[in-house]
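Excluded from the calculations below are hydrogen atoms, water molecules and symmetry mates; all remaining heavy atoms, backbone and side chain alike, are included. Numbered from 1 within each chain, the chains take letters A, B, ... in sequence-line order.
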Amino acid sequence: MHGSLHNIRAARRESTPALRRAPMTVRTRFAPSPTGYLHIGGVRTALFNWLFARRHGGRFILRIDDTDRERNVEAALRPILDGFRWLGIDWDEGPEVGGPYAPYYQSQRTERYRAAVGELLDRGLAYRDYATADETTAEREAAQREKRRFIYSRRWMAETDADAARFEGEGRTAVVRLKMPREGACRFDDLVRGPVAFDWALEQDHVIQRADCSHLYHLASAVDDHDFAISHVIRAEEHLSNTPRQIFIAEGLGYELPRYAHLPYVAAPGGSEKLSKRKLGKYLTQPEFKKVHDHGAGILAALGEVVVPARFNPVLVEFYRDVGYRPDALVNYLLLLGWSLDDRTEDFARNEMIEHFSLERVNRSAASFDPQKLMAFEERRMNALPAAEKAEVVTPYLGRLGLLGAEPTASERDRVAAVVAAAGDRIKVAGEIVRYAEFFQDDTVFPYDAKAFRKRVGAPGAADRLRRFRPVLEAVEPFDAPTLDAALHRFVEAEEIKIGQIIHAVRVAVTGKGVGFGLFEALEILGRAACLARIDRALAVAEAQSDAD
RNA sequence: GGCGGUAUCGUCUAGGGGUUAGGAUACGUGGUUCUCAGCCACGGGACCGGGGUUCGAAUCCCCGUACCGCUACCA
């Protein structure tokens with residue numbers, strides 16, 4: 001163990017000579033696997049890499065870890081690249097933009113890996129191993145049974161061509177394994193963790209090249225980090241224990257080592273295990289998480305879009321884009337998941353993040369993902385949005401609803417602006433505009449909330465009051481919120497009723513809903529003709545219903 | 001099992017040998033408004049445990065415990 005947090009932070013500050021002294025070019029990378037989706041945890045890692053590069057005037061590189069798959073890489077990559085674009089995380093080198101170290105796809109770099117393996121072999125740092133998978137497994141299991149540490153016996157190691165020929169005569173094929181040291185320790189200074197050490201003897205003779213001559217992640221990663229001149233490897237904590245084998249490869253190849261920074265991982269909501277796309281079902285048992293999921297699902301349902309459970313998942317970035325979150329809200333929330341500036345600053349503009357970001361202030365413990373707090377950031381962003389911009393982000397959702405064309409007319413745009421202004425901070429997420437669809441629907445088709453209708457219009461005397469209020473609407477001049485407000489209050493006095501006895505009935509009659517923004521604003525936006533038509537329709541429906549009873 | 005990492009309100013975090021342990025979010029109560037959302041006020045809520053060092057430990061040291069990761073011809 002090493003000292004206090006304070007000491008570690010101090011040590012970390014001292015242990016960044018590369019940045020202090022040499023005007024080294026900062027180059028960071030994020031290396032997604034083309035899986036077809038962008039994971040929240042991955043974005044956090046990418047964000048920290050991006051911020052670090054931007055902070056230091058460096059370059060941020062996207063490298064594609066597609067060693068495993070052949071087909072549909074482009075298709076599986078698109079959602080990831082789209083996600084980054086949406087978030088405003090741009091890359092200087094990588095897919096689509098290329099760069100001086102191309103190609104940036106691991107599947108296109110096998111020659112480099114093959115050469116690296118050859119060199120390691122030549123230097124005696126790796127060896128051909130002719131054991132079958134079963135034989136290796138048997139050794140490992142035996143060690144486990146006897147409760148001893150597993151170290152490969154190197155029984156089928158071929159160090160000479162004669163050995164190789166003999167094994168091949170038996171019909172065996174070879175993988176290439178690292179010949180790990182069996183004494184000493186691997187020490188390095190992690191920019192987040194401080195000094196860490198691993199005994200070499202505890203490392204396995206990891207396979208770096210399969211029998212089919214394809215290559216494994218650690219080999220590819222070490223080679224690429226060097227080839228791309230990566231200065232800082234900033235990645236999730238799960239790679240901390242993997243670092244020695246990568247250092248072994250890099251040093252064996254004579255590379256200068258990058259600096260390493262291992263980020264705490266993003267943990268499941270309310271838990272401590274790594275956040276996983278596959279555990280959606282489990283997270284949904286948590287009320288807070290479910291609330292955010294259902295809120296989004298409700299918006300999609302209102303849009304009449306099919307919710308595909310596998311893709312509609314708050315663990316994935318596309319969830320937030322679909323529902324209409326502000327990308328800046330997500331980025332801001334993610335920034336604070338594992339990093340902080342001080343004891344109070346929460347809201348950061350993009351340039352402020354870049355200005356203040358530092359690895360020294362990255363936390364060392366896992367942070368659990370809390371979509372409700374993300375929602376709080378979203379609310380603040382949305383409320384801070386200038387009116388015109390708010391109307392703009394909301395408009396596409398009305399288009400998806402089929403209520404606006406691709407090119408809204410000036411009067412349609414005015415109405416959107418009016419509804420957004422009246423709704424104020426009730427619209428926390430752009431997609432929530434679907435709650436105000438009735439302002440864009442025809443008087444004869446917008447739906448009534450059955451429960452609200454029964455309670456507010458179907459109540460004893462409610463229809464009569466509505467009927468008597470109708471002439472007020474017909475006569476009031478001008479037809480604007482303050483005048484309507486005054487007129488309704490006069491009506492209440494004359495009728496000797498309480499305001500609640502009329503206002504809710506009017507609201508349900510003209511909007512179909514029991515809840516909404518200010519009634520007078522709603523009336524003004526709809527206009528006199530629509531209001532009268534809607535009241536008539538409501539009265540007719542009420543009559544039909546009472547007849548049915 | 002071995003190795004490595006981590007530990008402050010439910011959650012995200014600040015701080016750190018003497019503090020009323022600060023903020024945010026969530027939650028509760030009251031107020032305000034035509035409903036809802038908000039807003040305002042108030043409130044409850046934390047230093048993993050045990051030893052040691054010290055006048056004094058949440059903070060430094062040691063030992064536990066819990067959790068997480070690695071221990072693949074996955075990335």
Query raised in the report: So, A:Tyr152 versus A:Asp129: side-chain donor-acceptor pair below 3.5 Å or not?
Result: yes

**Report entry** Nucleotide paired to B:U6 in any strand shown, Watson-Crick or G-U, under 3.5 Å
**Finding:** B:A66

Report summary line: A:His215 NE2 to B:A75 C1', in whole Å, measures 16 Å

Report summary line: Against the side chain of A:Glu273, the closest entry in B:C34, B:C74, B:C68 is B:C68

Query raised in the report: Just by distance, with hydrogens left out, do A:Tyr397 and A:Glu432 show a side-chain donor and acceptor under 3.5 Å apart?
Result: no

Query - First encountered from the 5' end of RNA chain B, between A:Arg426 and A:His206 - result: A:Arg426

Report summary line: Paired to B:C27 by Watson-Crick or G-U wobble criteria (both distances under 3.5 Å) is B:G43

Query raised in the report: Is there a side-chain polar atom (N or O) of A:Ser368 under 4.0 Å from OP1 or OP2 of B:C12?
Result: yes

Query raised in the report: Considering only side-chain heavy atoms of A:Glu238, which listed nucleotide, B:G69, B:G10, B:C68, is closest?
Result: B:G69

Query raised in the report: Paired with B:U32 by Watson-Crick or G-U wobble geometry, both distances under 3.5 Å: which nucleotide is it?
Result: B:G38

Report task. May I have the step-by-step check of ring-ring contact (aromatic ring centres under 6.0 Å, His included) for A:Phe30 and A:Phe84, ending in yes or no? Result -> CA-CA 11 Å; A:Phe30 180 68; A:Phe84 280 131; 5.8 Å; yes

Query raised in the report: In whole angstroms, how far is the P atom of B:U25 from the CG atom of A:Asp343?
Result: 14 Å

